[in-house]
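Beneath this line is the structure, given in structure tokens, with notes to follow.
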Amino acid sequence: MKSQIPKLPLPVSLVGSEVGTFTEFTVTQRMPGIARRIIAENNFSLNINKSLENLANQLPSGYLLPFADDAGTDVGDWKKYLEPYKGQRWIDIPWFFAETYFYRLILNITNYFQSSEWQGVDPFHLQKSQGLKTSLDAIINLCYQVNQGLEKSKNTGKINQNFLITLLYFALWGNRVDLSLWSAFESERSNFDIENQKAHILVDDASIVTEVFISSACQRVDFIVDNAGFELICDLCLVDFLLGSGVVDQIKLHLKPHPTFVSDAMIKDVYDTVDFLAASNHQQVANVAERLQAYIASGKLILGDDYFWTSPLAFWEIPESLKQELADADLLLIKGDANYRRLLGDRHWDFTTNIADIVCYLPVPIVALRTLKSEVAVGLQPEVIEKVSKSDSEWLTNGQWGVVQFVE
């Protein structure tokens, strides 16, 4: 029998009142900044902007704001989620709850679900579209490499495992467009660049993951997607190579049903991204888009969303229906920091805790691709922790360090 929860006693949750932590900084400074940026980047009404400013002002030391019934599918669920935290301050409740509620409250305030001129307006649209335009050179280069990789695998009848590892690294570091990774594609690559890049991966199971891909046992892969923008393009290029080379038969992308965490991807963002690629006057880019459109049309690439992904629940509280759906996959690829926090319930685990003892509730093997942007981590060796903490005091939160963790 699989365990329904982690095998170990649950540590306490991260909260914003922990003085001097990144969590405190996020709740008291980053989140108010996000609310104010929404005001600046949109043309919402005066009333909406006042409410957003009020939210920004409340976060550092104020109390949770009420939630109006806005006709969203998840209203009833949110009323239940909020019950234990009523009358509490933002900084005193679990951080993951505070963040997910903050983003849901933004949609509540901006009338995202209500019949009005703002219905369906993504408050983060500007940042998502800019993220694609500013990374055009990187997109062209990456699409070119994928086309070359597919051509080679077709001609040789073999999958180049090193190329697949490189695509995994791109999916890992995809939120960094200033990629120091390009050398990974060069045949005459300097050891320094590659070793330097690899040195920033604290657990690197990439070669194990690619062996799982290449083994005929892996026919369907499910991606729990993180961000839109260049990161989503890195994910889609990995998808394109896996399907185009015949490594896997089918891939399902699990996406958010509404805007959240600024740049998290929805089904609409995938279509917008593929359209963006298709409109390119670079043939290399258009080729990738054509194949992705064909995979979606044929059902080889499935796009789905679920309100669990925008809920404040830990991964082990996943609804049975969604868990059954994930059980159809041979491998679950989990992207990004927020999804990783959810895997661990966003709690103060010892960094050396065996990740397998926590995620034992999942029905299939997983690979977590995550750049560290929060004070949560497991599965690290003591000597690795000692080394990285000496070389970089902000290693847990600055997005410069990553993990590729495989759990059978």
**Item:** salt bridge (charged side-chain N to carboxylate O under 4.0 Å, His left out) between E386 and K390, intermediate numbers included
**Value:** CA-CA 6 Å; E386 188 182 354; K390 273 182 189 163; 3.2 Å; yes

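Remark: of the listed residues Y295, F213, F163, F163 is the sole one forming a ring pair (Phe, Tyr, Trp, His ring centres under 6.0 Å) with F241.
Residues W395 and F351 bring their aromatic ring centres within 6.0 Å. Here the two rings, on W316 and F308, have centers that are 6.0 Å apart or farther. Between F315 and W309, the distance separating the two ring centers is shorter than 6.0 angstrom. Aromatic rings of Y85 and Y101 (six-membered ring for Trp) have centroids beyond the 6.0 Å cut-off, not under it.
The closest side-chain donor-acceptor pair between Q4 and K323 falls under 3.5 angstrom. Using modelled atom types and a 3.5 Å distance limit, the side chains of Q324 and D328 yield no donor-acceptor pair. Counted by atom type alone, N47 and S45 present zero donor-acceptor pairs between their side chains at under 3.5 Å.
To the nearest 0.5 angstrom, D70 atom CG is 12.5 Å from S115 atom OG. In this structure, NZ in K268 is found 15.5 Å from NE2 in H258, a value given to the nearest 0.5 Å. Atoms CD and NE2, from E325 and H254 in turn, are 5.5 Å apart once rounded to the nearest 0.5 Å. Of the inter-residue distances, the one linking L82 atom CG with Q88 atom CD reads 11.0 Å to the nearest 0.5 angstrom. Separating the CG atom in L369 from the CD1 atom in I334 is a distance of 9.5 Å, to the nearest 0.5 Å. Atoms CG and CG, from D269 and L255 in turn, are 8.0 Å apart once rounded to the nearest 0.5 Å.
Within a 6.0 Å sphere centred on CD1 of I5, other residues, nucleotides and ligands contribute 12 heavy atoms or fewer. For F276, the CZ atom counts as densely surrounded, since its 6.0 Å shell holds more than 12 non-hydrogen atoms of other residues, nucleotides or ligands. Other residues, nucleotides and ligands contribute more than 12 heavy atoms inside 6.0 Å of the NE2 atom of H348.
Closest non-hydrogen pair, G399 versus K373, comes out as CA-CG, 4.1 Å. Of all heavy-atom pairs between K300 and D249, the closest is NZ-O, 3.4 Å. Of all heavy-atom pairs spanning L343 and Y361, the tightest one is O-OH, 2.7 Å.
Salt bridge E83/K79: absent, no basic N to carboxylate O contact under 4.0 Å. Here D74 pairs with R104 in a salt bridge; the nearest charged N to carboxylate O distance falls below 4.0 Å. Using a 4.0 Å cut-off between charged side-chain N and carboxylate O, D337 and R370 make a salt bridge. A salt bridge between K198 and D204 is absent, with no side-chain N of the basic residue lying under 4.0 Å from a carboxylate O of the acidic one.
Here the side chain of E317 pairs a donor or acceptor atom with the backbone of A314 at under 3.5 angstrom. Put simply, the side chain of E24 gets close to the backbone of G20: a donor and an acceptor are under 3.5 Å apart.
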